[in-house]
Chemist: 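My questions all concern the structure below.
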Amino acid sequence: MSGLDAATFAALQATFLEESFEGLDRAEAGLLTLDTAVTDEVVGELFRAIHSIKGGAGAFGIDEITGLAHTMESVLDDVRSGAAPTPAMTAALLRGVDELRLALEERRAGRVASGAAHAGVCAALTAARGAAPRGVAPAPPVPVAPAVNAAPWRVEFAPLPHLMRNGNDPLRLLRELASLGGTVIAVDTSRLPRFEDLDPTECHLAWTLEVPGAVERAAIDEVFAWVDGDCTLAITRAAPVAADAPALAAIAADAPMATSERAGAPASREASAIGSIRVGVDKIDQLMNMIGELVITQSMLGELDGEGPVDAERLARLREGLSQLARNTRAMQESVVRLRSMPVGVVFGRIPRLVHDVGARLGKEVALELSGGTTELDKTVLEKLGDPLVHIVRNSIDHGIELPDARAAAGKPRHGTIRLHAEHRGSEIVIEVADDGRGLDLPRIRAKAVERGLIGADTALTDDETAKLIFAPGFSTAEVVSDVSGRGVGMDVVWRHIKELGGQVDVQSSPGAGTRTILRLPLTLAIIDGQLIRVLEHQYVVPLLSIVESVQIDPRRRARLAGGHDIYRVREQIVPIVDLGAALGLRPPGVATSSLLMIVETDGAPLGLIVDELLAQQQVVIKSLESNYQRVDGLAGATILGDGRVAFILDIVDLARHARRGRVGHADHEQAA
Amino acid sequence: MEPQLSSREPVRSDAQRQREQLLTFVVAGEEFGVDILRVQEIRSWSRPMPLPRTPEYVKGVINIRGDIVPIADLRERLGLATQAAGPTTVIVVLRVEHGGKSRTMGIVVDAMSDVTDVARDQIKPPPDLAETRGVANLTRGIALVDERMITLLDVDGVFPPPTDADAAA
C-alpha cells in the first residue's frame, strides 16, 4: 500500500478485523432470529454487517473472502427485498459467517485462509436463494421500476496511485462503463505531477461520469468490483436499489484469483497481542471533563504555594482545595473503572448460536431466555467467562434437556428452556444458568465418582456436594461419548476458569425439574469502598456493600445454641454471630469482650461479626495475595493503608460459609493460632 | 565477546562461572547462604500483618513499595525455637521461582553476615541426616569456605508452591 507505512496499515487492519468480528457476532445473532421473525431492522443490520466486511476486506487485500461475502450479501439482499428466508438459507448464511470468521482469524494470525470451503458455501447459498419463494411480502418485487430511476447515475471515480500495479487498468473500467452507455463529463487533472516527477506506473487522474438511470446499480458496482479499495468511488443518485447480483457461483470461483499479492505484508501480530477495548465517546468525554476539573484544582492549590503567611484564610482554602481534589480523584477512579467495564451481553451473544446448533444436532427443541445482559463487569473477567458459560450451556442441552418426546411424556412442554441471567449482588456478579431438564442424576453421579475413585464408597455427602462432583476432572456420566459433550472434559474446565478468576461455582438440581448452575465472580474492580475495622491491634477492611448495619450487643438478645453456635436477635430476625477475632485465628473463640456487632449480608442471609472497633470508611485499592503468595481462606485480598501498613480485605462470603459449617473458631483456630 | 545468554541468566565470565557469590546470614548461631542473585533487598525488621489459616512459619505479609510480600521466619521453617526480633534481625527479600512464575518473598534471619565468594567444587551435597529434621528440601548443599561451613538454602523450597487447597471441596 503506497502512501501508508506498514505500521499504519497493520493498525488499520487490526481495527478492521476487530470491527469485523463484532459485525459477524451481530450478523450471527441476527441470523438466529430470522427463524422466528423477519424485520427490516434485523435484515438491514445483517446486510450492513456483511457489506462492511466485504468493503473492508477489499480495502485490506483480504481478497479470499470478498467472493463469499458478496454471495452472502446477494442472498441477504433478496431477503431485504421481500424474499422469505428458508431454513436452508439461514443455515447456509450461518456457515458463511463461520467461514468469514475463520478467514479473518487466519488473517489476524498473519496467514491466509485457503477458502477451500467457500465455493461449497457459495453453492449452498445460491441453491437456497434459488429455492426461496420470492416476493411473498407485500413489498414490491425485486428491483424498483425503472421509471423511478430515471435520474442518471453520477459516478465519481478516482483511482488511487497504485491501481495499475494491482493489474487493473482504468481505461478498461471506463470502456466498460461506456458499454453501459456511460459518458465522461469531467476529468480532474489537479493531481497530475510535473512531467519530471511523473511515474508512469501510477494513476493521477480522476473522472466523473454519467451513466443512464436505466442501468442497474449492480451493473455499475460490478464494473468496479475488482478495484474496490484501490480507488475512491462515489455513485450517487436516489436511494440505492436492491438488485440482482450477477452469476454468483462464477464470482465465488474467481474470488481467490486476486489474492496473496500482499500476503507477505507484515501482519499485525504485535498489535493483536495487546488487547484493545472499544470505549464509548461519552466515557472518554467524561474522563476529559474530570481531568479539566483536576487541572483547576491543581492551579487552585498551586496559588496557595506563594509567599506570605499561612493564615486562617489560606488554611481554609487549602482544606477546600484538598476536599475538591479528593472528589476529583474519586470521580476519576470511577470513570477509569467504567472504561474497563463491558456488558455481560457481549458474552451472552455467543450463546444463541450455540443453543441453535447444539439443539439441532441433538434433535432437541430449546428456547433461550437471556436477562441482565447490560450488567457490566471488568473486561478481563468477561473474556474468561465465555468458555465456562459455553460449557455449562452445552452440558445443559446435552445432559439436562430431554428429547421432545420424553418431555411430552413427562408432562412438560416439548421444548426445553434455558435461562441465562446476570446481576450484581454485593461486590460480586452472579451469573445463573438454569434449565428445566431432567436434573442431575445424583445416585449415578455418586456411583460414578466412587467408581472413578474420586470419593470413597462410604463418604457421606450432601446433595449439593454430590452435585459438585461433576466439576471434578475427568468426570462424565454420559453413556455415549458425543461430539457435543461427554468426554469428561468441560465441567472441570468451568471450575478451573472460575477459580482462576477468584469466583465460585454452585450447582443446584431437582430431579425432573432442572438444574441451576450459579457462577459468582468478583467484579475485580481494583478499588472498593471499604469500612475499616479493628480487631485486637490489627485493621481489616470490610467491603461496604456487604454491611447492613452495626449494632451494640444487648446481652438479652444473645443466645447460644447447642453445638456452640451463637445467635443474635435483630428485630424479628435471628442472625448467627461469629467473633471475627476467632475467625481470623487471632484469639480463641468466646473471649471477645467487645459489644460491637456488625451485621453483614451474604447470599441474602445475614451474619453477625463481633468486631472491636469501627474506624473510618475509605476507598481501598485491592492488592492480590496470590501474586506473591496464594489465596487465603476468608480474605479477598489486601490493601495498603495511608500509613503504609497492610490491611486485609475480608471475604465475607467465605467467612459466612465457614460460619455456617460451624468451623469458625474451632478447628480453624487450632491450626492458625 | 560475552557469550550470548538468556536474560534470566546473569552474564558471568568463565572464571566466575566456577564460583558462586553467596549472601550469608546467621540463624540460631549457624551460618546460612543464598545465591546473591536471588536477593532483591535486605530490609530492617518490621512487624508483618499476620495471615489467618497459614502455616506457623509464615509470619504474615509486609508492604514493599506497594507489593504485598509474605514473610517466613527461617528459624521456625527450620524447626528451631522462635525468638523475639532483636536489633540485628532483618528481612531478606528473595526472588522465588514457582512453576515458572516469579514471586517475591521474604525470610526473617537473626543477623546479616557478609558476601562470600565460593568455588563451585567447594559446595558439597547435604548429608542424609538433614532428612531426619524435615528440612532436606531446604538445603542445596554445604559450602566449605576456609574454616567455615555455610548451609546453602534452596530459595524455592523455603516457601512451598501455592496450593489450590479448596479445589476439591
Side-chain angles (χ1 to χ4, degrees), chain A residues 454-455 465 468-469 471-473 492 495-496 499-500 504-505 535-540 580-586 621-635 637-641 643-651 654-655 657-658 661 663-664 667-669 671-673, chain B residues 38 40-41 43-73 76-77 82 91-108 155-169:
Chain A
L454 296 170
I455 54 167
E465 282 167 340
K468 264 195 174 177
L469 287 170
F471 295 112
D492 62 318
W495 183 274
R496 225 179 37 238
K499 276 280 158 187
E500 266 170 28
Q504 309 275 344
V505 191
V535 179
L536 294 173
E537 73 275 30
H538 302 297
Q539 291 188 20
Y540 294 91
L580 194 54
L584 295 168
L586 298 170
V621 178
I622 302 176
K623 303 262 178 182
S624 155
L625 284 171
E626 276 118 296
S627 56
N628 284 322
Y629 188 51
Q630 61 182 57
R631 201 186 128 69
V632 176
D633 257 7
L635 304 184
T639 192
I640 292 160
L641 300 175
D643 61 2
R645 278 191 297 163
V646 178
F648 294 126
I649 301 165
L650 299 178
D651 183 340
D654 223 30
L655 285 173
R657 199 172 303 127
H658 284 288
R661 285 190 206 155
R663 270 170 50 185
V664 164
D668 283 357
H669 180 254
Q671 186 203 336
Chain B
R38 292 297 199 95
Q40 287 197 345
E41 64 182 286
R43 297 172 67 88
S44 58
W45 163 257
S46 61
R47 220 179 132 206
M49 178 74 180
L51 279 162
R53 301 184 187 87
T54 38
E56 192 66 18
Y57 64 86
V58 178
K59 300 324 278 179
V61 295
I62 60 169
N63 163 24
I64 301 183
R65 291 179 295 277
D67 238 8
I68 307 286
V69 176
I71 303 299
D73 186 334
E76 290 182 54
R77 184 70 181 95
T82 50
I91 295 171
V92 180
V93 183
L94 302 167
R95 183 171 54 81
V96 176
E97 302 282 339
H98 280 155
K101 198 169 176 291
S102 181
R103 295 161 187 273
T104 306
M105 296 177 155
I107 51 174
V108 182
V155 170
D156 303 336
V158 175
F159 285 90
T163 50
D164 192 3
D166 53 350

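Protein chains get the first letters and strands the later ones, always in sequence-line order, with residue 1 at the start of each.
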Chemist: Check A:L584 against B:P52 and note the closest heavy-atom contact, atom names and distance.
Modeler: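 Result for this residue pair: O-CB, 3.3 Å.
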Chemist: Exactly one of A:D643, A:T639, A:I640 should register a side-chain contact (heavy atoms from CB on, under 4.5 Å) with B:N63. Which one does?
Modeler: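 Among A:D643, A:T639, A:I640, the one meeting side-chain contact (heavy atoms from CB on, under 4.5 Å) with B:N63 is A:I640.
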Chemist: With only heavy atoms counted, which part of A:L635 is less than 4.5 Å from chain B, the side chain, the backbone, both or neither?
Modeler: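 Answer is side chain: those atoms of A:L635 sit under 4.5 Å from chain B.
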Chemist: How far does CZ of B:R103 sit from CD of A:Q630, to the nearest 0.5 angstrom?
Modeler: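 Here the rounded value is 8.0 Å.
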Chemist: Can you check side chain to side chain contact (heavy atoms under 4.5 Å, CB included) on A:R645 and B:M49, steps first, answer last?
Modeler: CA-CA 8 Å; A:R645 278 191 297 163; B:M49 178 74 180; over 6 Å; no
Chemist: Which bit of B:V58 comes within less than 4.5 Å of chain A, counting heavy atoms only: side chain, backbone, both or neither?
Modeler: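 The answer is the side chain of B:V58.
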Chemist: If you round to the nearest 0.5 Å, how far is OH of A:Y629 from NE2 of B:H98?
Modeler: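 B:H98 atom NE2 to A:Y629 atom OH measures 10.5 Å (nearest 0.5 Å).
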Chemist: I'd like to know if the side chain of B:R53 and the backbone of A:V632 have a donor-acceptor N/O pair within less than 3.5 Å.
Modeler: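 Judged by distance alone, no pair lies under 3.5 Å.
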Chemist: Check whether A:Q539 gets within reach of chain B through its side chain, its backbone, both or neither, counting any heavy atom under 4.5 Å.
Modeler: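 For A:Q539, backbone heavy atoms alone lie under 4.5 Å from chain B.
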Chemist: Tell me whether A:N628 contacts the main-chain N or O of B:V69 through its side chain, where contact means a donor paired with an acceptor under 3.5 Å.
Modeler: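 Side chain of A:N628 to backbone of B:V69: no pair is present.
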